[in-house]
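Everything on this sheet refers to the single structure shown next.
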Number of protein chains: 2
Amino acid sequence: MESRLEKRVSNTGLRLTAQRRIIARAICLIEDHPSVDEIHRKALETNPNISIATVYRTLRLFEELGLLDKHEFNQSRARYEEATENHHDHLIDIETGKTIEFHDKEIEALQKEIANENGLRLIGHRMELYVRPLGS
Amino acid sequence: MESRLEKRVSNTGLRLTAQRRIIARAICLIEDHPSVDEIHRKALETNPNISIATVYRTLRLFEELGLLDKHEFNQSRARYEEATENHHDHLIDIETGKTIEFHDKEIEALQKEIANENGLRLIGHRMELYVRPLGS
DNA sequence: GTGAAAATGATTATCATTATCGTTATCACA
DNA sequence: TGTGATAACGATAATGATAATCATTTTCAC
């Protein structure tokens, strides 16, 4: 079945090659913001010849087209997710790396206010909450 | 004159070598969260033989001792600042890289609340506001 | 002063990501 | 349906920040 992301790729008029299709599908199949090599490994299950170079290229392309969001939760290892029209931030379990998405209008209003108080215009932000399960 | 950071280094009982002294001083001399090689360049002005390896080692050491905070505002290039007892976050000018520090209790309370609502304990956070001058 | 332990400098290794380049696939058009 | 221009691919090398290694030098307690 065609994944959401595949559909969006074809809507851009971009060549929907076998590799791009497989990579798009792989991202949808993996839970929770996969890393580049998780995506590569999943893609290899369908086509064992897909190159890591193609994965990097394709992810960058999808990101530039606004189809994917790239996160750098820790300095060395990007993670991707399908872009959604409504922005959100992340809670990140510092043991497992699992994430939970959230959105808080009140915080965002305060952020804008802080920028304005400093004579600046807020263009974007990054907010990550590092957490642990309550009983640990 | 001895910098704040030099004093703090000697208080740890750590050997206050010439290189550590120079690196500590360099950090204090540079405005606004210097990068590793900005610190290295500044240190070279005092001793043209200081190795980049020593700079990396020393910064990591100071950070582990809690004397410095390390920031990864962008994935590729850490920046350091003297640790202060009171935590703060940053506004970052996306053109120049200049930073402004801020602290907002209201936001922090909301962050804790969000973690708790999800059955999680907030351990830390990262919040960066990307900004531009108002008239641009 | 001496010797063990720590620190340094030079260099190499690592790791994620990007660039290169020769080959292959795709697509518009004949 | 064939063809040629162009885009995409795969393999691999290059890059850039940081970490590790190791031989040499410095430090400090005695």
Side-chain angles (χ1 to χ4, degrees), chain A residues 5-6 9-27 30 33-65 67-81 97, chain B residues 5-6 9-27 33-65 67-80 97:
Chain A
L5 191 49
E6 274 175 272
V9 173
S10 54
N11 287 343
T12 63
L14 210 67
R15 287 190 188 174
L16 189 51
T17 63
Q19 288 89 338
R20 287 176 183 168
R21 199 190 300 274
I22 291 167
I23 290 167
R25 206 167 296 187
I27 294 164
I30 306 173
H33 309 75
S35 66
V36 176
D37 64 79
E38 283 171 331
I39 296 166
H40 186 216
R41 275 200 301 276
K42 178 60 77 179
L44 288 175
E45 292 174 14
T46 307
N47 174 344
N49 297 313
I50 275 189
S51 165
I52 186 67
T54 299
V55 176
Y56 272 104
R57 251 191 307 246
T58 303
L59 292 175
R60 184 146 54 115
L61 180 66
F62 288 178
E63 198 216 342
E64 283 165 1
L65 291 168
L67 306 179
L68 290 181
D69 287 335
K70 179 181 186 177
H71 299 293
E72 278 139 4
F73 294 145
N74 67 64
Q75 69 280 37
S76 65
R77 213 176 200 78
R79 293 170 63 176
Y80 287 88
E81 71 173 315
Chain B
L5 191 50
E6 274 174 275
V9 173
S10 54
N11 287 345
T12 63
L14 211 68
R15 287 188 186 174
L16 189 50
T17 63
Q19 287 88 338
R20 287 176 183 168
R21 198 189 301 273
I22 291 167
I23 290 166
R25 208 167 295 186
I27 293 163
H33 309 76
S35 66
V36 176
D37 65 79
E38 283 171 331
I39 295 166
H40 185 216
R41 275 200 300 277
K42 178 60 76 178
L44 288 173
E45 291 174 14
T46 308
N47 174 344
N49 297 314
I50 275 190
S51 166
I52 186 67
T54 299
V55 176
Y56 272 104
R57 251 191 308 247
T58 303
L59 292 175
R60 184 145 55 114
L61 179 67
F62 288 178
E63 198 217 342
E64 283 165 2
L65 291 168
L67 305 179
L68 290 180
D69 287 335
K70 179 181 185 177
H71 300 292
E72 279 139 4
F73 294 146
N74 67 64
Q75 69 281 35
S76 65
R77 213 175 201 81
R79 293 170 63 175
Y80 287 87

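Sequence lines set the chain letters: A, B, ... in the order given, protein chains first and strands last, and positions in each chain run from 1.
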Side chain of Arg15(B) (C-beta onward), nearest among dA10(C), dT18(C), dA7(C): dA7(C)
Between Thr17(A) and dA25(C), does any side-chain N or O lie under 4.0 Å from OP1 or OP2? no
For a quick check of understanding: with a heavy-atom distance under 4.0 Å over all strands, which category does Asn49(B) fall into, base, sugar-phosphate or nothing? sugar-phosphate
From the set dT18(C), dA17(D), dG10(D), return the single nucleotide nearest to any side-chain atom of Arg60(A). dT18(C)
Please confirm whether the backbone N or O of Tyr56(A) pairs with a side-chain atom of His40(A), one donor and one acceptor, at under 3.5 Å? no
Please pick, from dA11(D), dT11(C), dT18(C), the nucleotide with the shortest atom-to-atom distance to any side-chain atom of Ala53(B). dT11(C)
So if I take every side-chain heavy atom of Arg57(B) and compare against dT18(D), dC9(D), dT21(D), which nucleotide ends up nearest? dT21(D)
Taking only side-chain N and O atoms of Tyr56(A), does any of them lie within less than 4.0 angstrom of OP1 or OP2 on dT17(C)? yes
Specify the separation, in whole Å, of atom CD of Glu64(A) and atom P of dA7(D). 15 Å
Considering only heavy side-chain atoms of Ser51(A), the closest of dT8(C), dG10(D), dA16(C) is dG10(D)
Heavy atoms only, 4.0 Å cut-off, all strands: where does Ala78(B) land among base, sugar-phosphate and nothing? sugar-phosphate
Evaluate the criterion salt bridge (charged side-chain N to carboxylate O under 4.0 Å, His left out) for residue pair Glu63(A) and Arg60(A); output intermediate values, then yes/no. CA-CA 5 Å; Glu63(A) 198 216 342; Arg60(A) 184 146 54 115; over 6 Å; no
Length of the CZ-P vector between Arg20(A) and dA7(D), whole Å: 11 Å
Can you tell me how far P of dA16(C) sits from CD1 of Ile52(A), to the nearest Å? 10 Å
From C-beta outward on Val36(B), which listed nucleotide comes closest to its side chain: dT18(D), dT8(C), dA11(D)? dT18(D)
Among the nucleotides dT18(C), dA8(D), dA17(D), which one has an atom lying closest to any side-chain atom of Ser76(B)? dA17(D)
Protein-nucleotide distance (Asp37(A), atom CG; dC15(C), atom P), rounded to Å: 12 Å
Distance-minimising heavy-atom pair for Arg20(A) and Arg15(A): NH1-O, 2.9 Å
The side chain of Arg77(B) lies closest to which of these nucleotides: dA5(C), dT8(C), dA17(D)? dA17(D)
Please confirm whether the shortest side-chain N or O distance from Gln19(B) to OP1 or OP2 of dG9(C) is below 4.0 Å. yes
Of the listed nucleotides (dT18(D), dG10(D), dG9(C)), which one gets closest to any side-chain atom of Ile50(B)? dG9(C)
Heavy-atom closest contact (Ile22(A) atom, Asn47(A) atom, distance): CD1-CB, 3.6 Å
Looking only at the side chain of Thr58(B) (C-beta and beyond, no hydrogens), which of the listed nucleotides dC9(D), dT17(C), dT8(C) gets closest? dT8(C)
Taking all atoms of both residues into account, what is the closest heavy-atom pair of Arg79(B) and Gly97(B), and its distance? NH1-O, 3.1 Å
Rounded to whole angstrom units, what separation is found between the CG atom of Leu59(A) and the P atom of dT18(C)? 10 Å
Both Leu61(A) and Gln75(B) contact DNA chain D. Which one's nearest nucleotide lies toward the 5' end? Leu61(A)
Both Val55(A) and Lys70(B) contact DNA chain D. Which one's nearest nucleotide lies toward the 5' end? Val55(A)
For Ile39(B) and dA17(D), give me the distance from atom CD1 to atom P, rounded to whole Å. 14 Å
After noting the C-alpha distance and the side-chain angles of Arg77(A) and Asp37(A), does the key distance pass the side chain to side chain contact (heavy atoms under 4.5 Å, CB included) rule? CA-CA 9 Å; Arg77(A) 213 176 200 78; Asp37(A) 64 79; 2.9 Å; yes
From CD of Glu38(B) across to C1' of dT18(D) the rounded distance in Å is 17 Å
Using atom CG of Leu16(A) as one end and atom P of dC27(C) as the other, report the distance to the nearest whole Å. 9 Å
